[in-house]
Amino acid sequence: FINKYLSMRFSRWLILMVFAIFSNYLVTYGSNKPTNPTIEINTFKEFSNWLNKDNDTTYVINFWATWCAPCIPAARQLEVYQEQLKDEVYMIGISDERESVITRFVEQQDLRMAIYRDHKEFNLKKFEVPYRPYSVVLTSEGELVWSGSPSKLSVDKLRKFASRQG
């Protein structure tokens with residue numbers, strides 16, 4: 001069990017590092033933040049290539065903004081879910097704000113999920129984000145299985161999405 005857990009964590013880490021190196025972007029996760037905790041996702045194809053297709057991880061993308069008051073408790077709740085489902089679900093926060101604004105906010109709030117900057121609102125448009133916070137759930141292949149307010153998500157619901165992949 002421990003070897004499988006470490007192998008899955010290493011696989012995610014390796015994919016993130018390869019993506020960061022080849023695209024010249026940085027990623028942040030938890031308290032191990034680099035100085036620049038954002039990356040830009042230019043196209044959905046780039047994002048799809050980033051997804052780890054070698055496992056059955058379910059991805060939750062949470063669209064948020066620093067000006068959005070409900071986004072902070074939503075992000076905190078998603079962090080709780082991420083901790084409870086760390087072997088099944090991976091949380092990602094995406095904002096379209098300026099990098100300096102995102103960086104300052106992430107440092108002040110100590111967010112513990114991967115945070116990305118959406119380049120030219122590509123993903124906001126791709127997922128037709130009508131409000132913030134707004135979340136989408138994707139399979140490891142990038143298939144959209146749910147979208148809506150993150151307040152409508154629960155551990156049970158996320159477990160069901162994750163179990164469909166196995």
Side-chain angles (χ1 to χ4, degrees), residues 12 15-30 33-79 81-82 85 88-109 111-154 157-158 160-162 164-165:
R12 287 183 188 156
I15 286 172
L16 289 173
M17 293 311 298
V18 168
F19 184 80
I21 290 168
F22 285 107
S23 60
N24 293 321
Y25 300 122
L26 295 174
V27 177
T28 185
Y29 184 77
K33 296 190 246 323
T35 10
N36 175 0
T38 61
I39 69 166
E40 292 183 355
I41 302 172
N42 293 312
T43 66
F44 187 70
K45 183 176 180 184
E46 279 184 31
F47 182 72
S48 297
N49 290 338
W50 176 82
L51 294 174
N52 184 355
K53 296 180 182 180
D54 294 335
N55 68 33
D56 293 333
T57 301
T58 298
Y59 295 89
V60 175
I61 302 174
N62 184 48
F63 294 93
W64 64 281
T66 59
W67 49 260
C68 168
C71 289
I72 297 170
R76 296 288 180 231
Q77 189 60 46
L78 292 174
E79 288 174 339
Y81 296 160
Q82 178 175 262
L85 301 166
E88 304 163 76
V89 178
Y90 190 73
M91 304 290 175
I92 301 165
I94 294 183
S95 176
D96 62 334
E97 296 172 284
R98 287 189 329 267
E99 186 174 325
S100 61
V101 172
I102 297 169
T103 301
R104 185 173 48 251
F105 186 82
V106 167
E107 289 170 354
Q108 289 172 349
Q109 296 297 322
L111 296 178
R112 295 186 193 119
M113 68 174 68
I115 302 294
Y116 298 89
R117 179 174 179 265
D118 194 5
H119 185 67
K120 297 183 181 178
E121 300 181 351
F122 178 83
N123 289 290
L124 287 168
K125 293 173 186 170
K126 168 70 180 164
F127 293 108
E128 300 174 355
V129 175
Y131 52 83
R132 313 233 185 122
Y134 184 79
S135 294
V136 297
V137 179
L138 303 174
T139 66
S140 58
E141 287 79 30
E143 176 190 351
L144 178 67
V145 293
W146 183 89
S147 62
S149 171
S151 65
K152 304 290 187 208
L153 288 172
S154 66
K157 190 177 273 191
L158 290 170
K160 285 179 187 173
F161 294 136
R164 291 181 190 164
Q165 294 209 85

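Computation of the quantities below employed the complete heavy-atom set of this structure, encompassing side-chain atoms and omitting hydrogens, waters and symmetry-equivalent molecules. The model shown is predicted, which means the values in this text are computed figures rather than measured ones.
Minimum heavy-atom separation, N62 to P133: OD1-CB, 3.9 Å. Closest heavy-atom contact between M113 and M91: CB-O, 3.8 Å. Across every non-hydrogen atom of Q82 and V89, the tightest pair is CG-O, 4.5 Å. In this structure, E121 and D96 approach most closely via the heavy-atom pair OE2-OD2, 3.0 Å. Of all the heavy atoms in A65 and S95, the pair that sits closest is CA-OG, 4.1 Å. The minimum heavy-atom distance linking Y131 with Y134 is given by the pair O-CB, 3.0 Å.
Contact of the R132 side chain with the W67 side chain is registered, since non-hydrogen atoms from C-beta on lie closer than 4.5 Å. Counting only heavy atoms from C-beta outward, the side chains of L138 and V145 never approach each other to under 4.5 Å. Between S135 and S147, the closest side-chain pair of non-hydrogen atoms is not below 4.5 Å.
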Walk me through whether Q108 and T103 qualify under side chain to side chain contact (heavy atoms under 4.5 Å, CB included). CA-CA 9 Å; Q108 289 172 349; T103 301; over 6 Å; no
Before giving the answer on side chain to side chain contact (heavy atoms under 4.5 Å, CB included), spell out for I102 and Y116 the whole-Å C-alpha distance, their side-chain angles and the decisive distance to 0.1 Å. CA-CA 9 Å; I102 297 169; Y116 298 89; over 6 Å; no
Candidate pair L78 and L153, rule side chain to side chain contact (heavy atoms under 4.5 Å, CB included), full reasoning: CA-CA 9 Å; L78 292 174; L153 288 172; 4.1 Å; yes
Begin from the C-alpha positions of V137 and L158 and carry the test side chain to side chain contact (heavy atoms under 4.5 Å, CB included) through to its verdict. CA-CA 8 Å; V137 179; L158 290 170; 4.3 Å; yes
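The salt bridge (Lys or Arg N to Asp or Glu O under 4.0 Å) check on R104 picks up nothing, with sequence neighbours excluded.
A donor-acceptor contact shorter than 3.5 Å links the side chain of R117 to the backbone of E97. Side chain of E79 to backbone of R112: a donor-acceptor contact under 3.5 angstrom is found. D118 contributes a side-chain N or O that, together with a main-chain N or O of N123, makes up a donor-acceptor pair within less than 3.5 Å.
The list of salt bridge (charged side-chain N to carboxylate O under 4.0 Å, His left out) pairs with a residue in residues 60-69, not counting sequence neighbours, is empty.
For the atom pair OG1 (T139) and CG (L144), the distance works out to 9.0 Å, reported to the nearest 0.5 Å.
Ring geometry for Y59 versus Y90: interplanar angle over 60°, hence perpendicular rather than tilted (30 to 60°).
No more than 12 heavy atoms of other residues, nucleotides or ligands shown are found within 6.0 angstrom of CD on E128. Within 6.0 Å of atom CZ in R76, more than 12 heavy atoms from other residues, nucleotides or ligands are found, so the atom counts as buried in its surroundings.
Between W64 and F105, a ring centre-to-centre spacing shorter than 6.0 Å is recorded.
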